[in-house]
**Q** 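Sharing a structure, written as structure tokens. Questions coming.
Any value given below was found using the heavy atoms of this structure, including those in side chains, with hydrogens, waters and symmetry copies removed. Keep in mind that what you see is a predicted model, and the values were worked out from it rather than measured.
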Amino acid sequence: MPKEYRTIQEVAGPLMLVTGVENVTYDELGEIELKNGEKRRCKVLEINGTDALVQLFESSTGLNLESSKVRFLGRSMELGVSEDMLGRVFDGLGRPIDDGPEILPDSRNDINGLPMNPAARAYPQEFIQTGVSAIDGLNTLVRGQKLPIFSASGLPHAQLAAQIARQARVRGTDENFAVVFAAMGITFEESNFFVESFRESGALERTVLFINLANDPAVERIATPRMALTAAEYLAFEKDMHVLVILTDITNYADALREVSAARKEVPGRRGYPGYMYTDLASLYERAGRQRGKTGSITMIPILSMPEDDKTHPIPDLTGYITEGQIILSRDLYRKNIAPPIDVLPSLSRLKDKGIGEGKTRADHSNVLNQLFAAYARGKEAKELMVVLGEAALTNMDKKYAAFADAFETHYVSQGYQANRSIEETLDIGWELLHLLPRTELKRIDEKYLDMYYNEEKKAEEAQ
């Protein structure tokens, strides 16, 4: 039986000081029992000799220093894992909130996980189809990759996250595919949107949801992504499933980290965030990947809203260092009613070349991708020139590129949040758009693919 302490000295907000403790360790879980028998959970943040500074998971309201007692449980936070988690909704600490029964766990795993040995990592190289053209066609997601979405306040990243979670799948196989979705610091309305969205589409059956609301304690928010990743590791490496982990919103997580750090009176780093934020984010992101000798994999899409639309803010800046690329949402495209408003030019998937081509997507994918990028970039330049110099200053070819850029945004990037396009559909739409340009301009495409897909008769019909 754990030893009980009645030596609570002070309570300051979510922090509590307990003196005279023995053999208590950092990150250990504790339980506070109030005079009326009510129990509240806490976690050790700091040990100084026989003094323990603990953080409460619930509020400190009604806590009487003299009559309350604390016992330390001798373990860090754990999650009971089982395949029965699929189709269930949990709070940020892994407790069911969907009126269903408690989970009977196969095992209880430490939520901090074990770092993956770099030598045991297998290289990500298999295509995951999200059904979103701007991602599949131009910034392809590969199994085992970490590909964040950089959004901004007011942009529809929640709809895009829900769409990817509903539609994502591994092509051409009947392999087990699951989604682990963790929402941190969101409103009840957003939480309801995610749950109903998955329920209506039937995607809930293969999804595990962890939801931490905005009014939940900051320390719970720090535990939420770790709970989700522990569930993902179990499904991927114990049950051989391919797991897509979506974490939203990392900005709320980092703000909780800053709040706890300030409460502990730590020396702040950039913008008040703790100096160890890079390490902390890496401890989350690096849990994604594939392991040699294991069938399962964890692919991760962290979503963060950039404060003041600033890419150089510490949260997107550090995330960009750790992950393999980024998908950037644009306020300008959002104003033009492009949905999803993915800005493809600054977006990047560093592993896209590994997941495309014959046997994975289609042989012409790489050529089409490069040509669409080049044509869209030139079209955007032509449109900027048009703004400065007027349309009369543009050559006929510049005008064709400007028209291509408009068509590309409205037909290729914009598809709504319900359309689920196969990679073949995405590539075919790309070819249709390339018909807006003369064949002589398509210098990045191999002649054999031009002969197969660039239909001169169709071009003549369109011209009439």
**Q** Between Arg166 and Glu200, does any side-chain N to carboxylate O distance fall below 4.0 Å?
**A** no

**Q** When you look at Arg378 and Glu381, which way does the salt bridge (Lys or Arg N to Asp or Glu O under 4.0 Å) test go after all the steps?
**A** CA-CA 5 Å; Arg378 184 164 166 193; Glu381 269 176 40; over 6 Å; no

**Q** Return yes if a side-chain donor-acceptor contact under 3.5 Å exists between Asp27 and Ser76, otherwise no.
**A** no

**Q** Return the minimal non-hydrogen interatomic distance between Ala178 and Met241, and the atom names on each side.
**A** CB-CE, 3.9 Å

**Q** If you define the side chain from C-beta out and look only at heavy atoms, does anything of Glu58 sit under 4.5 Å from Ile32?
**A** no

**Q** If we count only N and O atoms by modelled type, under 3.5 Å, do the side chains of Arg40 and Ser60 hold a donor and an acceptor together?
**A** no

**Q** To the closest 0.5 Å, what do you measure between CG (Leu235) and OG1 (Thr230)?
**A** 11.0 Å

**Q** Does the gap between the ring centers of His313 and Phe150 come in under 6.0 Å?
**A** no

**Q** Looking at side-chain heavy atoms only, is the closest gap between Lys239 and Leu86 below 4.5 Å?
**A** no

**Q** Could you check whether any side-chain heavy atom of Leu257 comes within less than 4.5 Å of a side-chain heavy atom of Ile222, counting everything from C-beta outward?
**A** yes

**Q** Compute whether any side-chain donor of one residue and acceptor of the other, for Tyr253 and Thr224, lie under 3.5 angstrom apart.
**A** no

**Q** Do Thr251 and Pro307 come close enough that some side-chain heavy atom pair is under 4.5 Å?
**A** yes

**Q** Would you kindly say whether Asp332 and Ser330 are connected by a side-chain donor-acceptor distance under 3.5 Å?
**A** no

**Q** Between Asp136 (side chain) and Gln129 (backbone), is there a donor-acceptor pair under 3.5 Å?
**A** no

**Q** Inspect the contact between Arg221 and Asp255 and indicate whether a charged nitrogen and a carboxylate oxygen are less than 4.0 angstrom apart.
**A** no

**Q** Between the side chains of Thr426 and Arg421, does any donor sit under 3.5 Å from an acceptor?
**A** no

